[in-house]
Amino acid sequence: MNAFELLGLPADADEQQIRRAYHAKVKSCHPDQFADQEKQQQAQAQLVQLNLAYEEALRKAAAVKPTVYQRVPVEQAKTTAKRLLSQERYESALLQLGRAESRDDEWYFIQGEILMGMKQYGSAHQSFREAVRLQPDNNEYRRGALDAAVAVKKRQRWTYRMADWADGILHPRKRL
């Protein structure tokens, strides 16, 4: 018998269903319910099997469940991303920004700043351009787009590419 069968569940049961079934089965076969020594030993063996099945079923259910990040209001995502950006935690900032329910001009600007910090100048330029498209009169957005365009142009020179390569070897980027 596999873990789900032992718990009396279908193979696609979720964690909550697994817990409920486990607790119900444990109540019915707990060794303390029996006065007879032989029945206590049988109940103990059944309890061990249930415990193992419970752990295996939870492990399988967790492996199947995809990691889904809960969406948050755009203002909350931008605030969190700005805080992480100020700490130079670029990857985390980008992940938090991606949780936003919607995107506005400031969202694209913040994304551009994060990508500049990650030295992804081409992508940063695209983000800044989208911010400018949404808010054409904002000079800060225009300055970001210009800085990214200049960085793209500079990085096309072989001397800068070699310097970036050497910098990457000597100073690997921080991870999440």
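This is a predicted model, so every value here is computed, not measured. What you see below is based on every heavy atom in this structure, not just the backbone, and it leaves out hydrogens, waters and symmetry mates. One-based numbering along the sequence shown.
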Between atom [atom1] of [X] and atom [atom2] of [Y], what is the distance when rounded to the nearest 0.5 Å?
{"X": "Q40", "Y": "Q33", "atom1": "CD", "atom2": "CD", "answer": "10.5 Å"}
{"X": "E56", "Y": "N2", "atom1": "CD", "atom2": "CG", "answer": "7.0 Å"}
{"X": "R129", "Y": "H125", "atom1": "CZ", "atom2": "NE2", "answer": "5.5 Å"}
{"X": "R89", "Y": "L95", "atom1": "CZ", "atom2": "CG", "answer": "10.5 Å"}
{"X": "H23", "Y": "S28", "atom1": "NE2", "atom2": "OG", "answer": "13.0 Å"}
{"X": "Q111", "Y": "Q120", "atom1": "CD", "atom2": "CD", "answer": "9.5 Å"}

For [X] versus [Y], what's the shortest heavy-atom pair and its separation?
{"X": "L6", "Y": "Q49", "value": "CD2-O, 3.5 Å"}
{"X": "A100", "Y": "W107", "value": "CB-NE1, 3.6 Å"}
{"X": "L9", "Y": "I18", "value": "CD1-CA, 3.6 Å"}
{"X": "P31", "Y": "A43", "value": "CA-CB, 3.8 Å"}
{"X": "C29", "Y": "Q46", "value": "CB-OE1, 3.5 Å"}
{"X": "A53", "Y": "L7", "value": "O-CD1, 4.1 Å"}

Quiz item: Can you check side chain to side chain contact (heavy atoms under 4.5 Å, CB included) on K60 and F4, steps first, answer last?
Solution: CA-CA 10 Å; K60 286 181 178 179; F4 291 98; 4.0 Å; yes
Quiz prompt | Step-by-step salt bridge (Lys or Arg N to Asp or Glu O under 4.0 Å) determination, K78 to D104 | solution = CA-CA 10 Å; K78 291 188 300 189; D104 59 11; 2.8 Å; yes
Quiz item: Under the criterion side-chain hydrogen bond (donor to acceptor under 3.5 Å, both in side chains), which of Q96, E113, E106 is the partner of K82?
Solution: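 Per the side-chain hydrogen bond (donor to acceptor under 3.5 Å, both in side chains) rule, the option paired with K82 is E106, out of Q96, E113, E106.
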Quiz item: Would E55 and R59 count as a salt bridge (Lys or Arg N to Asp or Glu O under 4.0 Å) if you check the C-alpha gap in whole Å, the side-chain angles of each, and the deciding distance to 0.1 Å?
Solution: CA-CA 6 Å; E55 290 175 13; R59 197 171 32 255; 5.0 Å; no
Can [Y] be reached from [X] by stepping across I, L, V, M, F, W or Y side chains whose heavy atoms are under 4.5 Å apart?
{"X": "L134", "Y": "V74", "result": "yes"}
{"X": "Y54", "Y": "V26", "result": "yes"}
{"X": "V132", "Y": "V152", "result": "yes"}

Practice problem: Determine, stepwise, if the pair R20 / E15 fulfils salt bridge (Lys or Arg N to Asp or Glu O under 4.0 Å). | Solution: CA-CA 9 Å; R20 277 195 300 252; E15 291 177 17; over 6 Å; no
Exercise. Check whether any side-chain heavy atom of D137 lies under 4.5 Å from a side-chain heavy atom of R142, and answer yes or no.
Key: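 No. Closest side-chain heavy atoms not under 4.5 Å.
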Practice problem: Taking side-chain hydrogen bond (donor to acceptor under 3.5 Å, both in side chains) as the test, write out the residues that go with N51, two or more places apart. | Solution: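 For N51 the side-chain hydrogen bond (donor to acceptor under 3.5 Å, both in side chains) partners, ignoring immediate neighbours, are Y22.
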Self-check item: Pair Y141 and F128, ring centroids less than 6.0 Å apart
Solution: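 Aromatic pair excluded; centres sit 6.0 Å or further apart.
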Self-check item: Check: Q70 main-chain N/O paired with R99 side-chain donor or acceptor under 3.5 Å
Solution: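 Judged by distance alone, yes, a pair lies under 3.5 Å.
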Quiz item: Any donor and acceptor pair, going by atom type alone, linking the side chain of S86 with main-chain N or O of R83 inside 3.5 Å?
Solution: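 Confirmed, S86 side chain pairs with R83 backbone.
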Self-check item: Residue that, paired with S92, satisfies side chain to side chain contact (heavy atoms under 4.5 Å, CB included) out of I114, L84, L85, L97
Solution: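 Looking at I114, L84, L85, L97, the match for S92 under the side chain to side chain contact (heavy atoms under 4.5 Å, CB included) is L84.
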Practice problem: Just do the side chain to side chain contact (heavy atoms under 4.5 Å, CB included) check on E130 and D105 with the steps written out, would you? | Solution: CA-CA 7 Å; E130 185 61 21; D105 56 314; over 6 Å; no
